[in-house]
Each structure stands twice: as C-alpha cells, then as structure tokens.
Amino acid sequence: MTNSKGEDETDSGASAGGERGVRLQKVLAAAGIGSRRACEELIAAGRVRVDGAPVLHMGLRVDPLTAVIEVDGDRINVRGDLVYLALNKPRGVLSAMSDDRGRRTVADLVADRPERLFHVGRLDADTEGLLLLTNDGELAHRLMHPGFGVSKTYLATVPAPVPKSLARRLRAGIELEDGPVRVDAFRLVQEQGTRAIVEVVLHEGRNHIVRRLLAEVGHPVERLVRTAIGPVQLGGQRAGTTRELTRVELAALHRLVDKVT
C-alpha cells in the first residue's frame with residue numbers, strides 16, 4: 001500500500017531502522033496514541049523511543065511484532081494480537097481454563113473471546129475479585145514472578161473487634177507453617193457489630209495466604225475480595241464481567257516489571 005506521496009508504508013518483517021517494516025507514526029496511530037499527524041509531532045518532539053533508543057528521524061520503520069515502543073517513557077502495546085483483560089471473578093468460579101469435573105471456570109466467562117487466554121496467577125474458588133487474563137506470556141510471567149514484588153490488595157470481612165495493634169503485628173511479620181509473611185499495608189476500613197472489613201496489601205503469592213494469615217491472628221475470613229493488582233483497580237466492575245485494560249494501566253504494569261530481576 002502507498003500513501004499520497006507514493007511511499008510504501010505496509011511492508012512488514014523488518015527490525016527498527018530497516019528498509020522494510022511499518023512507519024513508526026502509523027504503528028503509533030494504530031495503537032490509539034492519536035492521529036498520524038499527532039504521532040509525527042510526538043516523534044519530532046523526541047518523546048518516542050524504540051528498543052530503548054530515542055527516535056531521531058521521521059522515516060523510521062519498525063516491526064510491530066518485536067519492537068518495544070515507548071511514548072513519554074510508557075511502553076505502548078502495538079501488537080493487535082495481544083489482549084489484556086480485567087475480570088471480576090465471582091465466588092464459586094475456579095481460576096482455571098478447564099475442569100475435568102465440569103465445574104464453572106473463568107474460561108466460561110470469556111467463552112466469546114477468539115484468543116487463547118490464560119489467567120495471571122489465581123484466586124481460590126471462594127475468593128472474589130480482580131483477575132487478569134492475557135495471551136502475553138512474557139508479561140504474565142513477570143507479573144507472577146516473586147522477584148518483581150507486584151502488590152495485591154484485598155478486602156476481607158472478619159470477626160470484630162479488630163485491635164489497633166494488629167496492623168503493627170502484621171507489618172512486623174507472622175510465622176506460618178510454610179514460612180514467615182508480612183503485609184505491605186493493613187488498615188481497618190469498617191467495623192460494625194460483630195463484623196469488620198479490613199484492607200490487606202501484600203505481594204506474597206502463596207496459596208490462601210490472606211486467609212491463612214488472618215486466621216493465624218484470630219480473625220478468620222468470612223469473605224475475601226481482591227480489589228487491585230499493582231496499579232489496576234477493580235473499581236465498580238460488575239461480577240462476572242471483563243474489560244480491556246486501559247493504555248495507562250498497561251503502561252503502569254510494564255513500569256513495574258520491565259526491569260532486571
């Protein structure tokens with residue numbers, strides 16, 4: 001395909017700087033950054049980097065399948081085949097893409113998607129809330145890797161009263177049967193009658209870690225909802241629904257994990 005100046009814009013299969021590939025401004029526009037003209041202005045202002053290097057000329061061609069493209073330091077998803085979803089997992093749904101016993105899984109909630117998706121980490125069947133689904137194996141691996149320490153935020157309904165000293169105790173660390181665990185943050189959200197709602201933030205990924213931790217300190221969990229993974233918030237999303245991550249959320253996730261362990 002040629003543009004109005006007769007320039008070939010759609011040859012693919014080249015790395016940045018080659019004669020083949022797609023013009024950078026076209027790739028940015030296709031990723032939703034702005035119009036072609038607006039993307040050219042971003043490039044001219046020196047706000048775009050490809051594979052870590054600032055772009056210094058307008059004619060650069062890239063391979064969208066391999067190039068790492070950043071605008072103002074934020075990594076941009078330029079691959080149309082990659083999908084990033086936030087799911088509000090209902091209680092009773094398994095964090096699995098299949099089940100030989102016929103139980104309901106997260107795969108049932110995205111059965112209309114053509115992509116082969118998988119879940120990033122897991123929530124046990126009785127836990128509700130935010131779960132990420134993607135077909136980007138590299139990002140998923142990094143988000144789950146303990147070396148990156150991506151935080152998860154939970155709201156737990158527990159028996160009241162909750163002593164003020166509990167936050168300090170949890171931050172200091174609690175010894176469980178498979179080793180110590182300490183929270184990044186803890187606060188009492190609400191206390192009414194015999195029940196309380198507490199917020200727990202930690203980056204541990206061990207099985208049932210929040211339930212085991214709170215049970216150990218005398219506050220067994222009655223209901224547990226994950227409300228955030230790093231910068232991605234559950235917000236008011238309805239149970240059982242999915243939404244695509246925003247460009248801002250995806251860039252923020254990459255900032256967390258685009259580093260060397």
Side-chain angles (χ1 to χ4, degrees), residues 1-86 113-115 117 120 130 132-145 147-151 228-235 237 242-261:
M1 183 181 296
T2 59
N3 61 18
S4 59
K5 297 180 181 179
E7 295 171 317
D8 180 15
E9 290 188 323
T10 57
D11 288 344
S12 61
S15 60
E19 286 303 316
R20 293 171 62 79
V22 183
R23 287 187 180 274
L24 178 58
Q25 57 267 42
K26 181 177 181 179
V27 172
L28 291 173
I33 303 303
S35 67
R36 190 88 62 91
R37 179 61 59 86
C39 292
E40 289 174 349
E41 292 174 355
L42 289 173
I43 295 170
R47 296 167 60 184
V48 181
R49 299 172 71 91
V50 175
D51 296 334
V55 179
L56 303 177
H57 60 90
M58 194 61 65
L60 182 68
R61 295 172 182 269
V62 300
D63 181 352
L65 296 179
T66 59
V68 175
I69 301 175
E70 299 169 275
V71 176
D72 293 333
D74 288 340
R75 184 166 172 175
I76 306 300
N77 176 30
V78 297
R79 287 185 54 177
D81 61 322
L82 293 182
V83 175
Y84 307 90
L85 301 177
R113 302 288 311 199
E115 305 89 359
L117 300 172
V120 180
L130 183 61
L132 301 183
L133 299 171
T134 185
N135 56 355
D136 184 342
E138 180 181 357
L139 179 61
H141 171 73
R142 287 172 173 248
L143 289 172
M144 291 185 289
H145 195 291
F148 292 98
V150 177
S151 65
I229 299 174
V232 181
Q233 303 285 329
L234 182 63
Q237 186 175 337
T242 61
R243 65 172 179 85
E244 293 191 3
L245 297 190
T246 67
R247 182 162 60 87
V248 172
E249 288 172 327
L250 186 56
L253 285 176
H254 275 293
R255 281 197 299 272
L256 285 178
V257 300
D258 283 356
K259 56 187 178 180
V260 179
T261 55

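The two residues Leu130 and Ile229 come nearest to each other via the heavy atoms CD2-N, 3.5 Å. Cys39 approaches Gly34 most closely through the heavy-atom pair SG-O, 3.7 Å. Nearest heavy-atom pair across Pro231 and Ala252 is CG-CB, 3.5 Å. Listed here is the closest heavy atom pair of Asn77 and Leu82: ND2-O, 3.8 Å. Pairing each heavy atom of Ala67 with each of Val78, the nearest pair is O-CG2, 4.4 Å.
Distance CD/Gln25 to CG/Leu60: 9.0 Å, rounded to 0.5 Å. With values rounded to the nearest 0.5 angstrom, Thr134 atom OG1 is found 10.5 Å from Glu244 atom CD. For the atom pair Leu245 CG and Leu85 CG, the distance stands at 7.0 Å (nearest 0.5 Å). From Leu24, atom CG reaches atom CD1 of Ile43 across 4.0 Å, with rounding to the nearest 0.5 Å.
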Going through the checks in order, is the side chain to side chain contact (heavy atoms under 4.5 Å, CB included) test met by Thr242 and Arg113? CA-CA 11 Å; Thr242 61; Arg113 302 288 311 199; 5.6 Å; no
Set out, in order, the CA-CA distance, both residues' side-chain angles and the distance that settles side chain to side chain contact (heavy atoms under 4.5 Å, CB included) for Arg61 and Val22, then state yes or no. CA-CA 5 Å; Arg61 295 172 182 269; Val22 183; over 6 Å; no
Intermediate values then yes/no, side chain to side chain contact (heavy atoms under 4.5 Å, CB included), Tyr84 and Leu139: CA-CA 10 Å; Tyr84 307 90; Leu139 179 61; 3.5 Å; yes
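Listed by chain and residue number, nothing satisfies the side chain to side chain donor-acceptor pair (under 3.5 Å) test with Arg49 (two or more places apart in sequence, or in another chain). For Asp72, the side-chain contact (heavy atoms from CB on, under 4.5 Å) partners two or more places apart in sequence, or in a different chain, are Arg47. By the side chain to side chain donor-acceptor pair (under 3.5 Å) test, Asn135 is found to be paired with no residue, residues two or more places apart in sequence or in another chain being considered. For Arg243, the salt bridge (Lys or Arg N to Asp or Glu O under 4.0 Å) criterion is met by Glu249, not counting sequence neighbours. With sequence neighbours left out, the side-chain contact (heavy atoms from CB on, under 4.5 Å) criterion links Ala30 to no other residue. Qualifying side chain to side chain donor-acceptor pair (under 3.5 Å) partners for Gln233, counting only residues two or more places apart in sequence or in other chains: none. Evaluation of the salt bridge (Lys or Arg N to Asp or Glu O under 4.0 Å) rule for Glu70 yields no partner, not counting sequence neighbours. Qualifying salt bridge (Lys or Arg N to Asp or Glu O under 4.0 Å) partners for Glu41, counting only residues two or more places apart in sequence or in other chains: none. For Val68, the side-chain contact (heavy atoms from CB on, under 4.5 Å) criterion is met by Asp51, Arg75, not counting sequence neighbours.
Using a 4.5 Å heavy-atom cutoff, the side chains of His254 and Asp74 are not in contact. The side-chain heavy atoms of Arg247 and Ile33, taken from C-beta on, include a pair separated by under 4.5 Å.
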